[in-house]
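Naming convention: chains lettered A, B, ... in sequence-line order (proteins, then strands); numbering from 1 in each chain. Keep in mind that this is a model prediction, so the values were computed, not measured.
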2 protein chains.
Amino acid sequence: MPVRRADVIDAAMELLDESGLDQLSTRRIADRLGVRVGAIYWHVKDKDELLAELADRVVGSCLDGVPVPDGGAEPPTAPPSAPVADPAARLTAAAHAVRDAMLAHPDGAALVAGHAVPGPNSLVLADRLCGIAREAGLPLPLAAVAGDTLLSYVTGFVLQEQRRGDPLHHHPNTSVPAPGFAPDRLPHLAAALAEGLPDDDTAFAAGIDLLVTAVTSRARPRR
Amino acid sequence: MPVRRADVIDAAMELLDESGLDQLSTRRIADRLGVRVGAIYWHVKDKDELLAELADRVVGSCLDGVPVPDGGAEPPTAPPSAPVADPAARLTAAAHAVRDAMLAHPDGAALVAGHAVPGPNSLVLADRLCGIAREAGLPLPLAAVAGDTLLSYVTGFVLQEQRRGDPLHHHPNTSVPAPGFAPDRLPHLAAALAEGLPDDDTAFAAGIDLLVTAVTSRARPRR
DNA sequence: ACCTGAACACCGTTCAAGT
DNA sequence: ACCTGAACACCGTTCAAGT
């Protein structure tokens with residue numbers, strides 16, 4: 001039976017999960033499908049189109065964890081009077097969902113940052129974040145900016161988080177770069193290090209808390 | 001006269017500025033230096049080492065715009081009683097300096113995000129941000145997180161900003177993705193669009209303002 | 001110390017031609 | 001509709017050998 005477009009995307013996703021973004025070549029995808037390289041160009045215009053599809057899938061996988069604001073078009077699956085978390089909690093939940101989705105795949109953040117041309121799922125995500133910010137009481141141009149700010153932060157955070165985990169850039173015997181740490185030239189970093197640095201999870205949570213507090217404290221009540 | 005390591009980095013930087021990150025190949029660098037490919041591997045271990053050097057240069061070019069906190073080791077060039085902006089203004093200035101440095105080169109954000117293994121300049125930048133946050137009154141583990149948060153945000157923001165400017169991902173006749181915008185499925189985005197979206201500069205300033213306010217409002221006065 | 005020549009093992013992309 | 005064969009124009013990296 002013939003290979004279909006979805007098969008190509010699936011194979012690419014498996015390859016990504018197994019060996020990361022820079023092992024992901026059209027030729028490897030073809031191999032995995034038992035087909036010659038040229039064949040995949042019948043299903044897909046570009047490697048870039050392929051990566052954009054992958055990126056939008058990753059974004060899509062977070063949508064279940066991103067609350068739908070009230071103005072949304074989707075019919076509520078729970079009764080409308082179900083307990084609705086306050087906007088701050090919803091923004092926090094959304095941010096964690098986005099991070100988790102990126103962390104679920106090697107180089108997930110790099111993929112999304114590099115190729116999430118506004119795919120359908122990215123648009124839905126942006127819409128929801130903007131909607132939640134509005135429900136938090138932000139006026140319209142600011143609400144869009146707030147959603148964008150949150151997304152930029154999450155992307156930036158996970159990007160460096162995943163690069164730290166990359167064995168290519170990791171010296172295993174030193175928790176922080178050995179190469180001439182110059183301890184007295186970096187007094188604050190050294191002090192922070194002595195105090196004990198938080199792990200990624202708590203650093204992320206703290207950053208999100210900072211941001212969400214900023215967003216919601218900027219709000220004036222809507223009605 | 002022989003090529004020196006710095007010449008290789010310089011040539012790479014020129015190439016980056018002329019044609020962006022994915023036109024930057026070891027062979028093109030060699031051509032520009034009038035030398036064969038193999039030669040550049042005498043000066044540089046890896047393409048990655050080269051990119052890390054470029055990234056740290058870009059970061060370094062922002063340091064002049066990043067205030068040195070009082071705990072810093074550098075001797076002050078201005079008299080110590082010179083007017084010192086409040087921490088919020090210093091954080092804001094730092095963020096803008098980082099963004100400007102990235103914007104000064106095509107794919108500057110991608111370069112820094114992908115290859116700023118803690119180079120010396122990146123460490124100095126992190127140290128200063130942490131220091132300013134401390135001066136703003138944040139206790140130590142939190143100050144480090146705050147600096148990191150700011151950096152992640154700036155990186156994430158400029159990353160998407162520079163990708164939007166990339167002609168590869170840009171449909172010139174529509175300001176927002178034409179492909180089936182599904183206007184009623186994205187009510188908040190549509191509303192924001194109708195209201196008129198802010199340009200990159202003001203969106204960035206608004207995001208930074210949000211963040212800086214959050215950071216400084218978390219502070220308790222230090223003395 | 002610095003470079004050449006030449007190779008190795010890859011890439012993405014295109015396209016006539018086949019079925 | 002879907003794929004092969006084969007080519008084109010590239011890559012990063014290594015390494016003996018030259019000077």
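For the C1' atoms, the distance from C:dA1 to D:dA17 is 15 Å, rounded to whole Å. The separation of D:dC8 from C:dC10, taken at their C1' atoms, amounts to 15 Å, rounded to a whole angstrom. Comparing C:dA16 with D:dC3, their C1' atoms are spaced 13 Å from each other, to the whole Å.
Nucleotide C:dC11 holds its C1' atom 12 Å from the NZ atom of B:K47, rounded to whole Å. Atom pair A:I40:CD1 and C:dT14:P shows a separation of 11 Å (rounding to whole Å applied). Remark: C1' of C:dG12 and CG of A:D46 are 9 Å apart, rounded to the nearest angstrom. Residue B:H43 contributes atom NE2, which lies 13 Å from atom C1' of C:dT4 at whole-angstrom precision. The separation between B:D22 atom CG and D:dA9 atom C1' is 16 Å, rounded to whole Å. In this structure, NZ of B:K45 is placed 14 Å from P of D:dC15, rounded to the nearest angstrom. Rounding to whole angstrom units, CD of residue B:E49 and C1' of D:dT13 are separated by 14 Å.
Between B:I29 and B:L50, the closest side-chain pair of non-hydrogen atoms falls below 4.5 Å. Within the 4.5 Å cutoff, the side chain of A:Y41 has heavy atoms near those of the A:T26 side chain. Taking the side chain as every heavy atom from C-beta outward, A:R99 and A:D200 approach each other to under 4.5 Å. Using a 4.5 Å cut-off on side-chain heavy atoms (C-beta onward), B:Q160 and A:T155 make no contact. Between A:L51 and A:L21, some side-chain heavy-atom pair lies under the 4.5 Å cut-off.
Residue pairs satisfying the side-chain hydrogen bond (donor to acceptor under 3.5 Å, both in side chains) criterion with at least one member in residues 100-110 of chain A, sequence neighbours excluded, are listed as follows: A:D17-A:H105.
Scanning for side-chain hydrogen bond (donor to acceptor under 3.5 Å, both in side chains) contacts around B:D64 gives an empty result, with sequence neighbours left out. Looking at residues two or more places apart in sequence or on another chain, you find a ring pair (Phe, Tyr, Trp, His ring centres under 6.0 Å) between B:H96 and B:F204.
OP1 or OP2 of C:dT13 sits under 4.0 Å from a side-chain N or O of A:Y41.
DNA chain C is contacted by both A:A39 and A:Q23; A:Q23 maps to the nucleotide lying nearer its 5′ end (nearest heavy atom per residue).
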* So what is the 5' to 3' dot-bracket string for DNA chain D, if pairs are Watson-Crick or G-U wobble with both distances under 3.5 Å, crossing pairs use [ ] and | means the partner sits on another strand? -> ||.|||||...|||||.||
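Panel note: side chain B:R128, backbone B:L63; a donor-acceptor pair is recorded below 3.5 Å.
Here A:S25 contributes atom OG and A:D31 contributes atom CG; the two are 7.5 Å apart, rounded to the nearest 0.5 Å.
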* **Evaluation steps, side-chain hydrogen bond (donor to acceptor under 3.5 Å, both in side chains), between A:D56 and A:S122** => CA-CA 6 Å; A:D56 206 55; A:S122 306; 3.2 Å; yes
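Within residues 24-37 of chain B, the residues that have a heavy atom under 4.0 Å from DNA chain C are, in order of number, B:R27, B:V35, B:R36. Near DNA chain D, defined here as any heavy-atom distance below 4.0 Å, there are no residues from residues 2-13 of chain B.
Residue-environment remark: CZ (A:R36) stays at or below the threshold of 12 foreign heavy atoms within 6.0 Å.
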